[in-house]
Amino acid sequence: MTFTVGGENDAQTLIILICSDDIEEMGATRLPSWLQAYSLLPHMGELGALTWLHGRIGERDALLVGCGEASRLDTERIREAAGNAGRAIHKHKKVRVGINLGELLKRCEHSVVMSEAEAVTAWVEGWKLGTYAFEVYRTKQTQQAEVSLQFLTETEADVVKEEEARFEVLNEAVRWGCIYAEGAILARNLANEPPNMLRPKTLIEKTVEHFAHTKVEAVVYEGERLEQQGMVGLIAVGKGSKYPPALLELRYCTDEALPLTALIGKGITFDTGGISLKKDFDISDMRMDMAGAAAVIGALNILAAGDVRANVVVLIAAAENMPDGEALLPGEVLQYPNGVSVQVGNTDSEGRLVLADALIHAHRLVAVETVDIATLTYSCGAALGSKYAGIWGEDAMVAEIVQAGKQVSEKVWQLPLVDEYEAYLHSDYADICNISRVGEAGATTAALFLRKFVQPSLRWAHIDMASLKDVSSAQGWHLAGATGYGARLLAQFVRNRTLRESSN
């Protein structure tokens, strides 16, 4: 897939984004004049609608892509349109394609606040993510033709210099669209891997190899090194599997003057529930219980590929939660190095046990702020559904992450850290239990458990993304399987933090 900006229009197929308002106002000149020769119907402008106008032999085709009401047009709808259009273009085997996003924005200038560069970045992201496919293990794989997409512009001789500056901005927008998409694709690839192909050590080896020739430095804690660091959660959760646990530390520092930000990902490469065995009919998606780890790896890929000025450490707590004669038992007590003792009430609440190790380690590395992201509870999905992840933590930091989510259309919604609910984690013989004894607020009590391992001086936020790790069918820029959620969100958060630090 190649993207170009400007130049002579040699597209075989034109993609035209249309809003429902365009068709309702055909008498006005909202659409290109040549389109007004066609009898267009209102449903063609609805969100997700695709309409082919096939040209005669030797003439161009046109693909009309519905975006809904013009007043609701934003970068997320541009991504959705790009994903839908990309799959249609590949299906019809078109190879030279053109689109004029500037023309769309002019039509909607009274109702849309979006620059052409933002629209181009969103389109590139949506196209690459919407045409993604994970077919490594299929005997018969989809053969996609190499598509060239041209962002068309209208250039007049007396504004050539202005257009050169515009092209530079748009080419940079294309570059960032590719970088963000590739980060999410890396996260998808890791989360989609079957469990027999991605054990804890394999996840770490793949990640270390991926960043081998970048500015990222890696340290692996396993075996005796885990014991020396007192990572009792990882050791306990992983002892039921013949594939040992490990913690991966990835440091990306291009400016030591910046405060250290820790991004922590839960990396349970398969979760059977351990001795507290899951009872679902099909738990194949538990291979994605490392989607939090995939998210922070994808975010780091975006930062490194974009050469972002930052000071970041990524921590991956990797283990496989299996039941056998050596497995962690309900009722065991774990003594964490920060002085907190934990009764294991249920071995299927293992994610918080390994994240506790990583949170303690983040403080040991003198991180100033940390964000952990995990497929942690079903309760969060019950509360917020499959469109929003839950977020808890320090209000100002949460607000920054919410803002970053709006910028990349990865939604988070703040839920309260209710101090009174700490009593739900009561244990008769340890400081706390890893599960609530009360049948409510399960996602919040999980966050309260994690807070026990956050040093008071550390700015902290926790993201529960369990219901956003995958989707069941293709729609917009998502394909069936892993979503890569969190990679773009966390990368944007770090970029925003860097810009703010620079301005201070």
Side-chain angles (χ1 to χ4, degrees), residues 191-200 203 233-234 236-243 245 266-294 317-334 342-356 373-386 389-390 421 424-427 430 432-450 464-473 480-483 485:
N192 276 326
E193 281 284 351
N196 57 322
M197 298 296 181
L198 197 75
R199 309 293 184 179
L203 170 60
L234 271 166
V237 171
K239 66 182 183 178
S241 172
K242 67 178 182 179
Y243 301 99
K266 172 187 170 185
I268 302 298
T269 56
F270 196 83
D271 181 20
T272 66
I275 295 298
S276 306
L277 194 66
K278 292 182 183 293
K279 300 177 178 63
D280 298 332
F281 177 70
D282 183 353
I283 61 172
S284 300
D285 65 341
M286 285 298 103
R287 74 192 189 279
M288 296 185 191
D289 211 21
M290 41 63 67
E320 189 178 67
N321 189 20
M322 299 289 286
D324 84 342
E326 299 294 326
L328 176 67
L329 298 174
E332 287 193 34
V333 172
L334 306 180
V342 175
Q343 172 198 342
V344 179
N346 189 307
T347 63
D348 194 22
S349 294
E350 84 298 332
R352 62 200 72 180
L353 299 177
V354 304
L355 290 175
I373 184 168
T375 51
L376 208 63
T377 69
Y378 293 116
S379 301
C380 192
L384 298 178
S386 61
Y421 293 168
Y424 296 178
L425 298 172
H426 171 76
S427 168
I432 55 173
C433 185
N434 76 323
I435 58 169
S436 170
R437 302 295 185 180
V438 180
E440 65 179 32
T444 293
T445 53
L448 289 167
F449 177 93
L450 293 176
D464 189 335
M465 56 163 288
S467 61
L468 283 84
K469 70 182 185 301
D470 63 340
V471 293
S472 59
S473 61
T483 61
Y485 177 90

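Residue numbers run from 1 in the order of the sequence given. Just the heavy atoms: all of them, side chains too, but no hydrogens, waters or symmetry mates, feed the values below.
- A donor-acceptor contact shorter than 3.5 Å links the side chain of T347 to the backbone of I275.
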**Request:** Please step through side-chain contact (heavy atoms from CB on, under 4.5 Å) for the pair E350 and L328, ending with a clear verdict.
**Result:** CA-CA 10 Å; E350 84 298 332; L328 176 67; over 6 Å; no
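- From R352, atom CZ reaches atom CD1 of I432 across 9.5 Å, with rounding to the nearest 0.5 Å.
- Between M322 and Y243 the shortest side-chain heavy-atom distance does not fall below 4.5 Å.
- Under the 3.5 Å distance criterion, the side-chain polar atoms of K266 are left unmatched by any main-chain donor or acceptor of L355.
- Summarising the geometry of T272 relative to P323, their closest heavy-atom pair is OG1-CD, 3.2 Å, with the distance given to 0.1 Å.
- Side-chain contact check for N434 and S349: no donor-acceptor pair (N or O, by modelled atom type) lies under 3.5 Å.
- Scanning for side chain to side chain donor-acceptor pair (under 3.5 Å) contacts around E320 gives R199, S241, with sequence neighbours left out.
- Across S472 and A480, no two heavy atoms sit closer than the pair O-CB, 3.6 Å.
- Other residues, nucleotides and ligands contribute over 12 non-hydrogen atoms within 6.0 Å of the CD atom of E332.
- With rounding to the nearest 0.5 angstrom, the OG1 atom of T445 is 9.0 Å from the OH atom of Y424.
- Between the CD1 atom of I435 and the CZ atom of F449 there is a distance of 11.0 Å, given to the nearest 0.5 Å.
- Rounded to the nearest 0.5 angstrom, L203 CG and I268 CD1 are separated by 10.5 Å.
- Of all non-hydrogen atoms in L468 and G385, the two that sit nearest each other are CD1-O, 4.5 Å.
- Nearest heavy atom pair, residue A319 against residue L234, reads CB-CD2, 4.1 Å.
- In terms of heavy atoms, A291 sits closest to M465 at CB-CE, 3.7 Å.
- With respect to the salt-bridge test (charged N to carboxylate O, under 4.0 angstrom), the residues D324 and K242 do not qualify.
- Note that CG of D280 is 8.0 Å distant from CG of D285, once rounded to the nearest 0.5 Å.
- Looking at heavy atoms from C-beta onward, I283 lies in side-chain contact with F270 at the 4.5 angstrom threshold.
- For R287, the salt bridge (Lys or Arg N to Asp or Glu O under 4.0 Å) test picks out no residue, with sequence neighbours left out.
- In this structure a side-chain-to-backbone donor-acceptor pair under 3.5 Å is present from D464 to T377.
- In this structure, NZ on K469 lies 4.5 Å from CE on M286, to the nearest 0.5 angstrom.
- Annotation: salt bridge (charged side-chain N to carboxylate O under 4.0 Å, His left out) contacts involving residues 267-278, sequence neighbours excluded, comprise D271-K278, K278-D348.
- Using a 4.5 Å heavy-atom threshold, the side chains of D289 and N321 count as separate.
- The two residues L425 and S436 have their closest heavy-atom pair at CD2-N, 4.0 Å.
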